[in-house]
Amino acid sequence: MLKLREISKSYGSKQALSSVSLELTEGIYGLLGPNGAGKSTLMNIITGNLRPDTGAVMWEEEEIRSLGVKYRSILGYAPQQQGLYDAFSGRDFLKYMAVLKGISRKHIREEVDRVLSYVNLQEAADSAIGTYSGGMKQRILIAQAVMGNPGLIILDEPTAGLDPKERVRIREKIKEISREKIILVSTHVVSDIQSIAKEIILLKEGTVIDQDTVDALCGKYKGADDLEQVYMHIFGEQEGEENASTDSL
Ligand code: ADP
Ligand code: MG
């Protein structure tokens with residue numbers, strides 16, 4: 001189980017997260033909120049890349065800081081940012097990540113092949129990542145996140161900038177591997193997660209305002225037929241501005 005206890009984080013005077021507490025068990029969770037809600041900050045804290053000002057992240061009752069390098073084999077993380085590895089071929093990038101994750105030398109080749117076929121990138125494996133489409137780049141990021149079969153997978157906006165077909169493909173890929181794992185997927189696009197998530201975590205301006213199943217959330221927000229309407233109910237007034245900035249990216 002992953003447990004977050006009263007996590008807060010500020011950047012200067014900007015409070016990005018306010019006392020976030022969560023408990024995640026096996027299954028897919030959607031972390032839903034508009035741009036600036038604090039999704040990436042929260043994910044960076046869960047992955048141990050960013051230190052919270054206060055609070056703790058616990059994996060099976062142990063603080064992740066005290067797990068040290070062991071946490072790296074438990075965790076798979078696909079960050080939001082792309083473009084850091086454009087000069088690598090897909091295969092070399094995965095080999096490099098496998099070494100960082102501590103996968104033993106004799107298993108690397110087999111594991112790289114396994115994740116390449118999982119995301120259907122065998123044919124492009126030896127081309128530079130810089131030549132990949134947006135969807136292919138997202139898939140190679142997801143491939144490295146699932147390498148070594150980690151029990152906790154964090155995917156930060158894995159469908160950002162993709163066309164509807166690619167979105168569906170990524171969604172199905174996530175669903176495929178969800179058994180016996182905790183998967184946290186951030187998005188501001190409801191349709192990415194509404195059919196696959198066990199629960200939705202609604203993050204608004206750094207505060208978790210609810211965590212529940214899609215059905216339960218629809219019941220709570222009067223007259224909502226689907227998650228889209230719940231989203232509009234909660235974030236509606238922010239929508240114009242947020243989407244304008246996303247679409248221009
Ligand atoms: P999301 O991923 O939901 O879009 P972020 O976690 O990236 O949200 O950002 C949350 C808030 O913190 C935003 O207001 C953002 O501008 C601010 N923020 C994020 N990273 C930094 C940073 N390195 N320095 C200053 N402010 C930041
Ligand atoms: Mg983000």
Side-chain angles (χ1 to χ4, degrees), residues 2 4-22 24 28-57 64 75-85 134-135 137-142 144-145 152-162 166-167 170-171 174 182-194 197 199-212 217 227-228 230-249:
L2 181 76
L4 275 65
R5 228 172 37 210
E6 297 185 21
I7 298 280
S8 295
K9 175 72 189 173
S10 296
Y11 300 104
S13 62
K14 169 79 198 174
Q15 176 109 30
L17 294 173
S18 316
S19 198
V20 171
S21 295
L22 291 172
L24 309 188
I28 303 175
Y29 291 83
L31 179 61
L32 185 61
N35 285 332
K39 302 182 295 297
S40 294
T41 300
L42 186 61
M43 289 181 145
N44 273 308
I45 288 171
I46 293 172
T47 56
N49 292 314
L50 188 67
R51 222 178 235 284
D53 298 336
T54 60
V57 180
I64 59 167
L75 174 75
Y77 171 45
Q80 187 171 7
Q81 199 180 6
Q82 296 187 348
L84 295 174
Y85 302 98
K137 284 183 180 177
Q138 288 294 1
R139 281 189 273 145
I140 202 88
L141 273 180
I142 293 173
Q144 63 75 31
L152 173 63
I153 298 180
I154 308 287
L155 306 174
D156 197 354
E157 305 223 25
T159 56
L162 302 188
E166 283 280 11
R167 282 175 182 276
I170 298 239
R171 189 169 75 206
I174 295 169
I182 297 175
I183 305 185
L184 181 63
V185 185
S186 75
T187 184
H188 56 268
V189 179
V190 165
S191 60
D192 283 346
I193 44 157
Q194 89 168 335
E199 287 185 359
I200 306 294
I201 298 160
L202 292 162
L203 189 64
K204 183 175 185 177
E205 294 165 10
T207 304
V208 172
I209 58 166
D210 214 332
Q211 173 185 350
D212 220 325
L217 288 172
L227 190 58
E228 193 80 48
V230 173
Y231 187 95
M232 288 311 287
H233 189 95
I234 297 167
F235 303 111
E237 73 279 7
Q238 308 178 313
E239 200 54 15
E241 182 196 333
E242 300 294 349
N243 268 351
S245 62
T246 313
D247 291 345
S248 64
L249 286 176

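Counting starts at 1 for both ligands and their atoms, following the listed order. Note that this is a predicted model, so its numbers are computed, not measured. Along the sequence shown, residues are numbered consecutively beginning with 1.
Considering only residues two or more places apart in sequence or on other chains, S40 meets the side-chain hydrogen bond (donor to acceptor under 3.5 Å, both in side chains) condition with Q80, D156. For T159, the side-chain hydrogen bond (donor to acceptor under 3.5 Å, both in side chains) criterion is met by R167, D192, not counting sequence neighbours.
Sorted by chain and number, the protein atoms of type N, O or S within less than 2.8 Å of the Mg ion (ligand 2) are S40 OG, Q80 OE1.
Contact annotation: the side chain of L31 never approaches that of V185 to less than 4.5 Å [non-hydrogen atoms, C-beta and beyond]. Between E157 and N35 there is a side-chain heavy-atom pair separated by less than 4.5 Å.
Taking OG1 from T47 and CD1 from I153, the interatomic distance works out to 13.5 Å, rounded to the nearest 0.5 Å. In this structure, the separation between NZ on K9 and CZ on R51 is 9.5 Å, given to the nearest 0.5 Å. Between R171 atom CZ and T187 atom OG1 the span is 10.5 Å, to the nearest 0.5 Å. Taking OH from Y85 and NZ from K137, the interatomic distance works out to 13.5 Å, rounded to the nearest 0.5 Å.
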Starting from the N and O atoms of ligand 1, collect every protein N/O partner closer than 3.5 Å and put each pair on its own line with the distance to 0.1 Å.
unit_1	atom_1	unit_2	atom_2	d
ligand 1	2 (O)	S40	N	2.9
ligand 1	2 (O)	S40	OG	2.9
ligand 1	3 (O)	A37	N	3.2
ligand 1	3 (O)	G38	N	3.0
ligand 1	3 (O)	K39	N	2.9
ligand 1	3 (O)	K39	NZ	2.8
ligand 1	4 (O)	G36	N	2.7
ligand 1	6 (O)	T41	N	2.9
ligand 1	6 (O)	T41	OG1	2.5
ligand 1	8 (O)	G38	N	3.1

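Put simply, the residue from V230, I200, I201, L217 that forms a side chain to side chain contact (heavy atoms under 4.5 Å, CB included) with D212 is L217.
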